Asker: 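First the structure, which I've put down as structure tokens, then a few questions once you've had a look.
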Amino acid sequence: MLHIYTIGSSTSCRRAVKWLKDKKVPFQEHPIDTTDNLSVKTREKLSTNTVKQFLVASENGCDELLAPRSLTMQELSKVMDLTSLGLTEMINVIAKHPKMLRWPIAFDDHRQILQVGFNDDEFGTFIPRKLRKMELNNILSRLNG
């Protein structure tokens, strides 16, 4: 199953969800709460277990997930040395400060594929093979037709 983790303030997240719906890709959205309180009941906290899943599936660990230019990263860098944190500490910091990540984060738990950020070409990997074949046949028939 494809899981897409989103935050409400992200245009990329909205574009990714729309793209998945337009392509009829089955997915489960996980809107992440980025505040200290769960003010919006439909949002969930980012768990440490989810962060661990992201790290296991990522090719470049934290470097792939973190948004170094984000305001949250800049603020945290003023009060702590993020490069000196151990893995468990870093996972806890990420779970507590999800805005330090690049969004959206899409994770196919069956194939263990992780996609960070939205790029429609790279998101094509989530289109089921059957749908990709149908789309290719439609394109070929229009070209031949």
Side-chain angles (χ1 to χ4, degrees), residues 1-140:
M1 166 62 83
L2 175 61
H3 299 270
I4 184 161
Y5 296 83
T6 61
I7 58 173
S9 61
S10 170
T11 303
S12 292
C13 290
R14 290 190 295 276
R15 286 181 38 228
V17 167
K18 181 183 181 324
W19 187 92
L20 291 168
K21 287 178 180 177
D22 289 349
K23 298 290 186 185
K24 297 177 178 48
V25 176
F27 68 95
Q28 181 178 3
E29 184 177 2
H30 299 272
I32 300 299
D33 184 57
T34 57
T35 63
D36 286 335
N37 59 10
L38 285 171
S39 56
V40 182
K41 300 295 182 219
T42 58
R43 300 202 178 276
E44 57 189 76
K45 286 290 185 191
L46 183 61
S47 73
T48 55
N49 284 336
T50 301
V51 175
K52 288 176 191 174
Q53 269 188 322
F54 295 162
L55 288 169
V56 166
S58 73
E59 291 182 18
N60 299 313
C62 287
D63 289 342
E64 184 175 352
L65 296 170
L66 296 176
R69 293 178 295 185
S70 72
L71 183 59
T72 301
M73 283 286 286
Q74 293 172 15
E75 292 298 318
L76 285 172
S77 295
K78 292 177 185 176
V79 295
M80 67 176 71
D81 180 9
L82 294 171
T83 60
S84 70
L85 296 179
L87 184 58
T88 302
E89 293 170 307
M90 190 62 171
I91 289 168
N92 289 331
V93 169
I94 291 170
K96 187 172 180 176
H97 304 280
K99 282 189 170 183
M100 68 190 297
L101 298 176
R102 292 177 48 220
W103 293 98
I105 299 173
F107 178 65
D108 182 330
D109 59 4
H110 176 68
R111 297 184 295 162
Q112 295 293 303
I113 296 173
L114 181 78
Q115 177 63 47
V116 182
F118 176 67
N119 175 311
D120 54 355
D121 289 336
E122 292 174 359
F123 257 59
T125 215
F126 297 121
I127 298 174
R129 181 173 287 142
K130 184 178 178 181
L131 291 175
R132 284 195 312 257
K133 283 183 178 181
M134 286 174 39
E135 191 172 308
L136 178 61
N137 287 338
N138 287 339
I139 291 169
L140 291 174

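As the structure is a computational prediction, the values presented were derived from the model and not from experiment.
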Asker: Can you check whether H30 and Y5 have ring centres sitting under 6.0 Å from each other?
Answerer: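 So the answer is yes for these two rings.
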Asker: Would you find a donor on one side and an acceptor on the other, under 3.5 Å apart, between the side chain of N60 and the backbone of D63?
Answerer: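 Not confirmed, N60 side chain does not pair with D63 backbone.
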Asker: May I ask you to decide if D109's main-chain N or O and Q112's side chain share a donor-acceptor pair within less than 3.5 Å?
Answerer: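 Checked: pair present.
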Asker: If you apply the rule side-chain contact (heavy atoms from CB on, under 4.5 Å), what do you find for T125 with Q115, and how did you get there?
Answerer: CA-CA 9 Å; T125 215; Q115 177 63 47; 5.7 Å; no
Asker: To the nearest 0.5 Å, what is the distance between CG (L2) and CZ (R111)?
Answerer: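 Result: 8.5 Å between the selected atoms.
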Asker: Do you know the tightest heavy-atom contact between P104 and A16?
Answerer: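 Closest heavy-atom pair between P104 and A16: CG-CB, 3.7 Å.
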Asker: With no hydrogens and no angle check, just 3.5 Å: does a side-chain donor-acceptor pair link D81 and T83?
Answerer: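 Result is yes, a qualifying pair exists.
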Asker: Quick one: pull up NZ in K99 and CE in M73 and give me the separation to the nearest 0.5 Å.
Answerer: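 Taking NZ in K99 and CE in M73, the distance rounds to 15.0 Å.
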Asker: For the aromatic rings, using the six-membered ring if either is Trp, is the centroid distance between F27 and F126 under 6.0 Å?
Answerer: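 Judged by ring-centre distance (under 6.0 Å), F27 and F126 do not meet the cut-off.
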Asker: How far does CG of L76 sit from NZ of K96, to the nearest 0.5 angstrom?
Answerer: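 If we round to the nearest 0.5 Å, L76:CG and K96:NZ are 9.5 Å apart.
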Asker: Of the non-hydrogen atoms in G117 and R102, which two are nearest, and what is the gap between them?
Answerer: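 Taking G117 first and R102 second, the nearest heavy atoms are CA-NH2, 4.2 Å.
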Asker: State the CD-CG distance between E89 and L82, to the nearest 0.5 angstrom.
Answerer: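 With rounding to 0.5 Å, CD (E89) is 10.5 Å from CG (L82).
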